[in-house]
Amino acid sequence: MVSPSRNLNGSSCEASMKLNSENVPLRTGPPTREELLVHYPAKFTWQQLKTFVNSGDLGLLKRDRALQKRYDEWALGIKEQYGSVVNYLLNHRLRWGQPDTLSLLKSSVIDDGFYSSSTSNFASENEASSISSPTPYFCWETPKEYISIIQNDWPYSVPPEIEHTLIWTKVPIYHPDLVDESIKGRIDQDGLWGFTGIESPPPSPSHLPECLPALAEWGITEDKMVKSAPPTEGEKALIEKAGSEVHRFVKNRWDETEWETAWFVNPPRLQSVPNLAHIHVFARRK
């Protein structure tokens, strides 16, 4: 298990109140925390965010529209330089087995245990292949050189105290040993999600109508949602098995006495980088 820092990410509330458009000019490329606070203030509360995750339609989770436009412009330059966003990730952004040192949005989680092991997680790729072999699917035991944990450089419209982390993996998350064939169609449409460290059940999807006004600028209404029919008890058990290894990983990294999280894995229909498996984690210190 990893130990968290006691210092919260970013400036204090008092310092944040002094930020404005004059002393925080807009740049290009990935935003700073100050830019997010001033120019892209959060549209969702933590409770709304958890409701969206638990709604059955992960397509409800959105990035600020102005920030999305900035991302789209940035991505054009990245594609010109690297050929594709995937090439950018593989050749620059993802440092397999190493801590994230490139993000402008720093995490307050200290991975003391995660990056220290009997094998060197900082070995070259050739050396790493001779040291350990990947697991069949993503799990806590997956060798660290097959994992890259970074902050989302382009976070969704979440409150400033929420860390939006991405866990990238070279091994699959959706695997036949975990995803029963009988629920594959459901997983392909809905994806997987879960919660850790919460002291009460996650918000019921029945609360979604009262949260939908937060999505008004995206034109989201309940009739436009894409989700499956409620699962049977047997299907619930199979869905839980399908997400069990991701859930275990998140519980191990974000100490449940210190953090509550909402995590999800997009279904194929929503994957912006379909050739690279990754998990989204929204983490909030208690």
> Around atom CD of Glu141, are there more than 12 heavy atoms of other residues, nucleotides or ligands at under 6.0 Å?
Replying inline: yes
> Quick one: CD1 on Ile279 to CG on Asn266, what's the gap to the nearest 0.5 Å?
Replying inline: 11.5 Å
> With no hydrogens and no angle check, is any side-chain donor or acceptor of Asn91 less than 3.5 Å from a backbone partner on Asn87?
Replying inline: yes
>> Suppose we screen for side-chain contact (heavy atoms from CB on, under 4.5 Å). Which residues come up paired with Leu90, at least two apart in sequence or across chains?
In response: Val86, Trp96, Leu276
>> Is it the case that the side chains of Asp190 and Ser228 hold a donor-acceptor pair, with the cut-off being a distance below 3.5 Å and no angle test?
In response: yes
> Stepwise, does the side chain to side chain contact (heavy atoms under 4.5 Å, CB included) test hold for Leu104 with Asp153?
Replying inline: CA-CA 7 Å; Leu104 299 176; Asp153 294 332; over 6 Å; no
> Residues in salt bridge (charged side-chain N to carboxylate O under 4.0 Å, His left out) with Lys224, at least two apart?
Replying inline: none
> Between atom CD1 of Ile147 and atom OG1 of Thr142, what is the distance when rounded to the nearest 0.5 Å?
Replying inline: 5.0 Å
> Is the backbone N or O of Ser206 less than 3.5 Å from a side-chain atom of Ser204, with the two atoms forming a donor-acceptor pair by type?
Replying inline: yes
> side-chain contact (heavy atoms from CB on, under 4.5 Å) with Glu217: which residues, sequence neighbours excluded?
Replying inline: Lys43, Arg65
>> Running the 4.5 Å side-chain criterion over Ile, Leu, Val, Met, Phe, Trp and Tyr, what cluster does Leu76 land in, apart from itself?
In response: none
> Would you call Lys236 and Glu240 a salt bridge, taking side-chain N to carboxylate O under 4.0 Å as the test?
Replying inline: no
>> Arg284: which residues meet the salt bridge (charged side-chain N to carboxylate O under 4.0 Å, His left out) condition with it, sequence neighbours left out?
In response: Glu260
>> List the residues meeting salt bridge (charged side-chain N to carboxylate O under 4.0 Å, His left out) with Arg27, not counting sequence neighbours, and say none if there are none.
In response: Glu35
> Would you say the side-chain atoms of Asn152 pair up with the backbone N or O of Thr165, donor to acceptor, closer than 3.5 Å?
Replying inline: no
> If you group Ile, Leu, Val, Met, Phe, Trp and Tyr by side-chain heavy-atom gaps below 4.5 Å, do Leu67 and Trp218 land in one group?
Replying inline: no
> Between Leu238 and Arg186, does a side chain to side chain contact (heavy atoms under 4.5 Å, CB included) hold up when you go through it step by step?
Replying inline: CA-CA 11 Å; Leu238 292 174; Arg186 174 185 288 273; over 6 Å; no
>> Looking at Asp188 and Lys184, is there a salt bridge between them, counting it only when a charged N and a carboxylate O are closer than 4.0 Å?
In response: yes
> Between Arg285 and Glu258, is a side chain to side chain contact (heavy atoms under 4.5 Å, CB included) present by the stated rule, with each step listed?
Replying inline: CA-CA 6 Å; Arg285 188 180 292 283; Glu258 298 279 352; 3.6 Å; yes
> Restricting to pairs with a member in residues 50-72, which pass ring-ring contact (aromatic ring centres under 6.0 Å, His included), not counting sequence neighbours?
Replying inline: Phe44-Phe52, Tyr71-Trp74, Tyr71-Trp154
>> What's the separation between atom OG1 in Thr169 and atom CG in Leu94, rounded to the nearest 0.5 Å?
In response: 11.0 Å
>> I'd like to check the side-chain contact (heavy atoms from CB on, under 4.5 Å) partners of Pro134; sequence neighbours left out, ordered by chain and number.
In response: Tyr146, Val171
>> With a 4.0 Å cut-off on N to O distance, would you call Glu245 and Arg248 a salt bridge?
In response: yes
>> Using only atom types and a distance under 3.5 Å, with no angle test, would you say the side chain of Asp64 pairs donor to acceptor with the backbone of Ser157?
In response: no
> For Phe138, which residues count as a ring pair (Phe, Tyr, Trp, His ring centres under 6.0 Å) partner, sequence neighbours excluded?
Replying inline: Phe249
> Are Tyr40 and Arg63 close enough that a side-chain donor and a side-chain acceptor fall under 3.5 Å?
Replying inline: no
> Is it the case that one hydrophobic cluster holds both Val226 and Leu192, taking links as side-chain heavy atoms less than 4.5 Å apart, direct or via other members?
Replying inline: no
> Distance-only, no hydrogens or angles: does the Gln48 side chain make a donor-acceptor pair with backbone N or O of Thr45 under 3.5 Å?
Replying inline: yes
>> If the condition is side-chain contact (heavy atoms from CB on, under 4.5 Å), which residues does Asp100 pass it with, not counting sequence neighbours?
In response: Arg93, Leu102, Ser103, Ile150, Gln151
>> Under 4.0 Å between a side-chain nitrogen and a carboxylate oxygen: does that hold for Asp57 and Lys62?
In response: no
> At their closest point, which heavy atom of Val158 faces which heavy atom of Ala42, and how far apart are they?
Replying inline: O-CB, 3.1 Å
>> Checking Lys241 now: which residues fulfil salt bridge (charged side-chain N to carboxylate O under 4.0 Å, His left out) with it, not counting sequence neighbours?
In response: none
> Are Asp72 and Gln68 close enough that a side-chain donor and a side-chain acceptor fall under 3.5 Å?
Replying inline: yes
> Which residue pairs satisfy the ring-ring contact (aromatic ring centres under 6.0 Å, His included) criterion with at least one member in residues 156-177, sequence neighbours excluded?
Replying inline: Tyr137-His175, Tyr156-His164, Tyr156-His280, His164-His280, His164-Phe282, Trp168-His278
> Ser55 and side chain to side chain contact (heavy atoms under 4.5 Å, CB included): which partner among His207, Lys227, Met225?
Replying inline: Met225
>> Can a side-chain donor-acceptor contact be found between Glu163 and Ser107 if the only test is distance below 3.5 angstrom?
In response: yes
> Would Tyr88 and Gln81 satisfy side chain to side chain contact (heavy atoms under 4.5 Å, CB included), going step by step from the backbone distance to the final call?
Replying inline: CA-CA 8 Å; Tyr88 162 77; Gln81 182 175 356; over 6 Å; no
> Around Lys286, counting heavy atoms of other residues, nucleotides and ligands shown, do more than 12 lie under 6.0 Å from its NZ?
Replying inline: yes
